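Before any comments, here is the structure.
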Amino acid sequence: MTENCWRPSASVEALHRRGALLADIRRFFAERDVLEVEVPVLSRRATSDPHIDSITALCNGDTAYLATSPEFGLKRLLAAGIGDCYYLGKAFREGEAGGRHNPEFTMLEWYRCGWDDRRLMTEVGELLSRVLNTARVQSLSYRELFLRELQLDPHTASEQQLHDCAAREVELSFVPANRDECLDLLMSHRLEPAMGEGITLLYDFPASQAALAKVLPDDSGTPVARRFEAYVGGLELANGYWELTDADEQLRRFQADHRYRGIHKLHVYPFEERLVAALEAGMPECAGVALGIDRLLMLVGGYTSIDEVIAFPIERA
């Protein structure tokens with residue numbers, strides 16, 4: 001161990017900025033009468049998302065999991081009648097490491113009852129504009145971004161067309177397995193860097209990428225996932241949904257995630273059947289969004305590494 005291993009990796013200035021940012025976020029929601037709530041960060045259930053892994057813990061002799069997000073707890077509160085609410089606190093994900101990732105991180109997640117994704121997307125833009133002190137906000141659909149940059153419609157292009165485009169636009173080290181892998185490669189390697197400065201709100205994702213969002217037809221009749229993502233300078237900050245409220249469809253998606261995990265030899269976690277029960281009881285129509293606070297703080301202070309905004313990242317924790 002080195003002599004200075006006890007010291008925080010973030011500067012005192014960065015930690016003061018963190019405190020100011022958290023206070024400003026809480027003021028933002030207090031002004032809008034959105035209630036701050038707490039939900040467990042240790043649970044006997046875990047994420048089913050094939051692209052996220054939970055951190056396992058031992059609790060009273062049984063297996064438990066650190067929450068990858070507060071989503072399930074917040075939705076159970078919504079079904080119980082809590083109303084508009086938000087969580088600002090810790091979340092945990094296995095395998096998260098790098099300049100923009102740490103296994104333990106700070107997440108803001110909030111829900112607006114009676115809202116759809118478009119209305120919530122506007123509020124996300126308002127929060128980011130306030131925190132980052134910028135009025136540069138653009139909203140465009142997933143289709144519009146692909147057409148603008150690649151002259152390709154991501155919803156109607158064939159899988160071969162997407163493979164050809166990915167091979168042309170991205171230096172591939174492997175062959176994408178399906179159309180979603182092609183789309184993700186093009187988004188991360190080609191389109192995110194082309195978004196430019198300012199805030200970009202991207203909406204109407206492919207139906208195959210719905211996660212826990214509703215799937216509805218767009219103006220052209222194409223089924224799309226009613227979800228959005230917020231970027232600043234090409235850095236993804238937030239992911240929001242017009243939330244799924246159909247219990248049967250929720251169960252089907254959990255089961256589909258489990259099948260995918262089994263087929264691809266990924267760990268299969270116990271899914272949150274209590275969320276299905278909450279939807280059966282009647283969760284209100286709502287929109288919700290999760291936003292990464294550490295990444296936001298990196299932008300606020302002009303930092304290049306997440307270690308500069310966390311007092312004790314995993315290497316020092």
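Note that the coordinates shown come from a computational prediction; the quantities given were computed from them, not determined experimentally. Residues take their numbers from the sequence shown, with the count starting at 1.
Residues R18 and D294 are paired through a salt bridge, judged by an N-O separation under 4.0 Å between the basic side chain and the carboxylate. Salt bridge annotation for R261-D49: absent, with no cationic side-chain nitrogen under 4.0 angstrom from a carboxylate oxygen. A salt bridge between D219 and R143 is absent, with no side-chain N of the basic residue lying under 4.0 Å from a carboxylate O of the acidic one. Under the 4.0 Å criterion applied to side-chain N and carboxylate O atoms, R119 and D116 are not assigned as salt-bridge partners. By the 4.0 Å N-to-carboxylate-O rule, E31 lies close enough to R130 to be salt-bridged with it.
To the nearest 0.5 Å, atom CD1 of residue I25 and atom CD1 of residue I293 are 3.5 Å apart. Between L186 atom CG and F146 atom CZ the span is 5.5 Å, to the nearest 0.5 Å. Summarising the geometry, atom CD belonging to E243 is positioned 3.5 Å from atom NZ belonging to K75; distances are rounded to the nearest 0.5 Å. From L183, atom CG reaches atom CG of L152 across 8.0 Å, with rounding to the nearest 0.5 Å. Separating the CG atom in L74 from the CD atom in E38 is a distance of 11.0 Å, to the nearest 0.5 Å. M283 CE to T245 OG1: the interatomic distance, rounded to the nearest 0.5 Å, is 6.0 Å.
The shortest distance between side-chain heavy atoms of C286 and L78 falls below 4.5 Å. Using a 4.5 Å heavy-atom threshold, the side chains of D84 and L35 count as separate. For the pair L147 and E144, the minimum side-chain heavy-atom distance is 4.5 Å or more. The closest side-chain heavy-atom distance from H155 to V224 is below 4.5 Å. The side-chain heavy atoms of P50 and Y260, taken from C-beta on, include a pair separated by under 4.5 Å. Between S11 and E308, every side-chain heavy-atom pair lies at or beyond the 4.5 Å cut-off. The side-chain heavy atoms of V41 and F92, taken from C-beta on, include a pair separated by under 4.5 Å. No side-chain heavy atom of D246 sits under 4.5 Å from any side-chain heavy atom of L279.
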Run the side chain to side chain contact (heavy atoms under 4.5 Å, CB included) check on E249 and L244 step by step: do they pass? CA-CA 8 Å; E249 176 62 13; L244 184 66; 3.8 Å; yes
Residue pair L88, F29: steps toward the side chain to side chain contact (heavy atoms under 4.5 Å, CB included) verdict: CA-CA 11 Å; L88 180 56; F29 288 112; over 6 Å; no
Dump the intermediate steps for side chain to side chain contact (heavy atoms under 4.5 Å, CB included) on R93 and I55, then the final yes or no. CA-CA 6 Å; R93 295 184 182 180; I55 295 175; 5.9 Å; no
Do R295 and H101 pass the side chain to side chain contact (heavy atoms under 4.5 Å, CB included) test, and can you show the C-alpha distance, the side-chain angles, and the key distance before you say yes or no? CA-CA 9 Å; R295 288 188 177 188; H101 300 88; 3.0 Å; yes
Please tabulate, for side-chain N and O atoms in residues 231-240, each donor-acceptor pair with protein atoms closer than 3.5 Å (sequence neighbours left out).
residue	atom	partner	partner atom	Å
Y231	OH	E229	OE1	2.4
N239	OD1	R227	NH2	3.3

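A pairwise comparison of heavy atoms in M195 and Q138 identifies O-NE2, 3.2 Å as the closest pair. Nearest heavy-atom pair across L42 and A64 is CD1-CB, 3.8 Å. Between P223 and V215, the shortest heavy-atom contact is CB-CG1, 4.0 Å. The minimum heavy-atom distance linking F271 with H258 is given by the pair CD2-CE1, 3.4 Å. Nearest heavy-atom pair, R253 versus A210, reported as atom, atom and distance to 0.1 Å: NH1-CB, 3.7 Å. Here the closest non-hydrogen pair linking A79 and A278 is CB-O, 3.6 Å.
Put simply, the side chain of N102 never gets that close to the backbone of E96: no donor and acceptor are under 3.5 Å apart. Under the 3.5 Å distance criterion, the side-chain polar atoms of T68 are left unmatched by any main-chain donor or acceptor of T47. The backbone N or O of T222 lies less than 3.5 Å from a partner atom in the side chain of D218, making a donor-acceptor pair. Checked by atom type and distance alone, the side chain of R190 never pairs as donor or acceptor with a backbone atom of V170 at under 3.5 Å. Side-chain N or O atoms of T122 include one that pairs as donor or acceptor with a backbone N or O of R118 at under 3.5 Å. Listed for the E192 side chain is no donor-acceptor partner under 3.5 Å among the backbone atoms of H189. Although no hydrogens or angles enter the test, the distance criterion places a donor-acceptor pair under 3.5 Å between the side chain of Q161 and the main chain of S158. Proximity of a side-chain donor or acceptor of E181 to a complementary backbone N or O of A177 within less than 3.5 Å is detected.
For the pair R32 and F28, the distance from NZ or CZ to the six-membered ring centre is under 6.0 Å and the angle to the ring normal is within 45 degrees.
Grouping Ile, Leu, Val, Met, Phe, Trp and Tyr by side-chain contacts under 4.5 Å, direct or through others, puts L216 with W242.
Remark: D62 CG is packed, more than 12 non-hydrogen atoms of other residues, nucleotides or ligands lying under 6.0 Å away. Environment of CZ in R17: crowded, with over 12 heavy atoms of neighbouring residues, nucleotides or ligands closer than 6.0 Å. In this structure, E273 places its CD atom where more than 12 heavy-atom neighbours from other residues, nucleotides or ligands lie under 6.0 Å away. When the shell of 6.0 Å around NE2 of H267 is examined, it contains more than 12 heavy atoms from other residues, nucleotides or ligands.
Cluster membership check: V34 shares its hydrophobic cluster with V124, using side-chain heavy-atom separations under 4.5 Å among Ile, Leu, Val, Met, Phe, Trp and Tyr. In the hydrophobic cluster analysis, where Ile, Leu, Val, Met, Phe, Trp and Tyr join through side-chain heavy atoms closer than 4.5 angstrom, L120 is grouped apart from L212. When the side chains of ILVMFWY residues are joined at heavy-atom separations under 4.5 Å, either directly or via intervening members, L108 and W115 end up in a single hydrophobic cluster. Linking ILVMFWY residues whenever their side-chain heavy atoms come closer than 4.5 Å, directly or via other members, places L299 and L201 in the same cluster. Under a hydrophobic clustering in which Ile, Leu, Val, Met, Phe, Trp and Tyr are joined whenever their side-chain heavy atoms come within less than 4.5 Å, directly or via other members, I306 and F312 fall into different clusters.
There is no side-chain donor-acceptor pair under 3.5 Å between E94 and S54. In the model, Y86 has a side-chain atom that pairs as donor or acceptor with a side-chain atom of E36 under 3.5 Å. A donor-acceptor pair shorter than 3.5 Å can be found between the side chains of Q160 and D164. If you check the side chains of W110 and E123, you find a donor sitting under 3.5 Å from an acceptor. Counting only N and O atoms by type, the side chains of D307 and S9 include no donor and acceptor under 3.5 Å apart.
Each of D53, T56, D257 was compared with Y269 under the side-chain hydrogen bond (donor to acceptor under 3.5 Å, both in side chains) criterion, and only D53 meets it.
Aromatic ring pairs are classed by plane angle as parallel below 30°, tilted from 30° to 60° and perpendicular above 60°; the pair F205 and Y142 is tilted.
Judged as a side-chain contact (heavy atoms from CB on, under 4.5 Å), and not counting sequence neighbours, the contacts of R179 are E159, L162.
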